[in-house]
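First the structure, in the form of structure tokens, and then the observations on it.
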Protein chains: 2
Amino acid sequence: MKNATDLFFDAFANKNRFNILMQLRNKEMCAGDLQKTLGVEQTNLSHDLKCLLNCKFISVRKEGRKRVYKINNETNELVDEVAKHVKNYETYLKKCGILKEEKNGRI
Amino acid sequence: MKNATDLFFDAFANKNRFNILMQLRNKEMCAGDLQKTLGVEQTNLSHDLKCLLNCKFISVRKEGRKRVYKINNETNELVDEVAKHVKNYETYLKKCGILKEEKNGRI
DNA sequence: TTTATATATGATAAAAATTTCATATAACGA
DNA sequence: TCGTTATATGAAATTTTTATCATATATAAA
């Protein structure tokens, strides 16, 4: 059985899911808007939103036939910390050479 | 070409590499001791240490025929933040259901 | 200067993650 | 209640990541 750290990174460090968390920083959005902004498949987005909901990184409320998603404060802060670290180490990350070169990419 | 966030998570969210960073929190260790403590293959450990070095998450100094590794302060702090978040969300992560069930696991 | 220990490298094999596909459900408006 | 929009589900296919293997280098001790 996986431990909590494994599960955490599976949820949080996933390209599409982290992109969602980045979008939701400091603002709420419905699934349709996330889809347009991120340019992802509807079905993938839905899978990913469910995962983030299950982990309680985000919450949701209904508004007509739309679902409006919101990131929680602690997760918002952690996303900020990570973004800061990425910025500080960007130069070295790009020169690493061991990390793979191709992938669809986060925003 | 991958962006910095992709590269960051490739380096940081990797099971073996994060285990190394956890071990190096607040203490220096040589490769051999990391190997014993983590119970990993020598060759995998070496690949992972090189990656962490390239990204400047850790540094190294020679001591006889050993290499002694040290985590940097910023990365140490980020590891702490993540560990805290994992602890806070552990219950939900384990009930997620979407995240995969089997893997070798972080420590 | 040979042997043993400590660590590194690169290619391929194995395992795991992500995407796609086919389809389902839920809410609203005509 | 029928069609349309918005979102969800599960399984299979594809892609990516991680582990293994064979071997190399570097330092020190005998």
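Each chain gets a letter, A, B and so on, in the order the sequences are listed, and its residues count up from 1.
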Report task. Measure the distance from CG on B/Asp10 to C1' on D/dT16 and round it to the nearest whole Å. Result -> 10 Å
Query raised in the report: In whole Å, what is the span from the CG atom of B/Asn19 to the P atom of D/dA19?
Result: 10 Å
Report task. Locate the shortest heavy-atom distance separating A/Asn76 from A/Leu24; write the atom from each residue and the value. Result -> OD1-O, 4.3 Å
Query - Spacing of A/Lys50 atom NZ relative to D/dG10 atom P, expressed in whole Å - result: 6 Å
Query raised in the report: Should B/Leu21 and B/Leu78 count as side-chain neighbours, where that means a heavy-atom distance under 4.5 Å?
Result: no
Query raised in the report: Taking only N and O in the side chain of A/Lys15, is any of them less than 4.0 Å away from OP1 or OP2 of C/dT19?
Result: yes
Query raised in the report: Quick one: which of D/dT27, D/dA8, C/dT7 gets closest to the side chain of A/Leu49?
Result: D/dA8
Report summary line: Closest non-hydrogen contact found for B/Arg17 with B/Asp10 is NH2-O, 2.7 Å
**Report entry** Value in whole Å for how far the C1' atom of C/dA26 lies from CZ of A/Arg61
**Finding:** 18 Å
Requested in this report: To the nearest Å, give me how far apart CZ (A/Arg67) and P (C/dC28) are.
Outcome: 10 Å
**Report entry** Phosphate OP1/OP2 of C/dT18 contacted by A/Asn44 side-chain N/O (<4.0 Å)
**Finding:** no
Query - Atom pair distance, as rounded to whole Å: NZ in B/Lys66 and P in C/dT5 - result: 12 Å
Query raised in the report: Between atom CG in A/Leu45 and atom P in C/dT20, what is the gap in whole Å?
Result: 13 Å
Query raised in the report: Charged N to carboxylate O under 4.0 angstrom, A/Lys84 versus A/Glu81?
Result: yes
Report task. Establish, with yes or no, whether the OP1 or OP2 oxygen of C/dT18 is under 4.0 angstrom from a side-chain nitrogen or oxygen of A/Asn16. Result -> no
Query raised in the report: If only side-chain N and O atoms of B/Lys62 are considered, is one of them under 4.0 Å from the OP1 or OP2 phosphate oxygen of C/dA6?
Result: no
Query raised in the report: Below 3.5 Å, does any donor atom in the side chain of B/Gln42 face an acceptor in the base of C/dA6, or the other way round?
Result: no
Report task. Could you please name the option among C/dA4, D/dT18, D/dT5 that lies closest to any side-chain atom of B/Arg65? Result -> C/dA4
Report summary line: From NE2 of A/His47 across to P of D/dA12 the rounded distance in Å is 14 Å
Query raised in the report: Are B/Val60 and B/Leu52 connected, step by step, through hydrophobic side chains (Ile, Leu, Val, Met, Phe, Trp, Tyr) whose heavy atoms are closer than 4.5 Å?
Result: yes
Query - A/Lys2 vs C/dA17: side-chain N/O to OP1/OP2 distance below 4.0 Å - result: yes
Report summary line: Residue pair A/Arg17/A/Glu63 against DNA chain C: nearer the 5' end by closest nucleotide is A/Arg17
Requested in this report: Measure from the side-chain heavy atoms of B/Ala31 and tell me the nearest of C/dT18, D/dT5, C/dT7.
Outcome: C/dT7
Query raised in the report: Counting just side-chain N and O atoms, does A/Ser46 come under 4.0 Å of either OP1 or OP2 of D/dA8?
Result: yes
Report summary line: Of the listed C/dT9, D/dT7, C/dT18, the closest approach to the A/Tyr69 side chain comes from D/dT7
Query raised in the report: Taking atom types as they are modelled, is there a donor-acceptor pair under 3.5 Å from the base of D/dT9 to the side chain of A/Thr43?
Result: yes
Report summary line: Smallest heavy-atom separation, A/Ala4 atom then B/Val86 atom, equals CB-CG1, 3.6 Å
Query raised in the report: Contact class for B/Glu41 (heavy atom, under 4.0 Å): base, sugar-phosphate, or nothing?
Result: sugar-phosphate
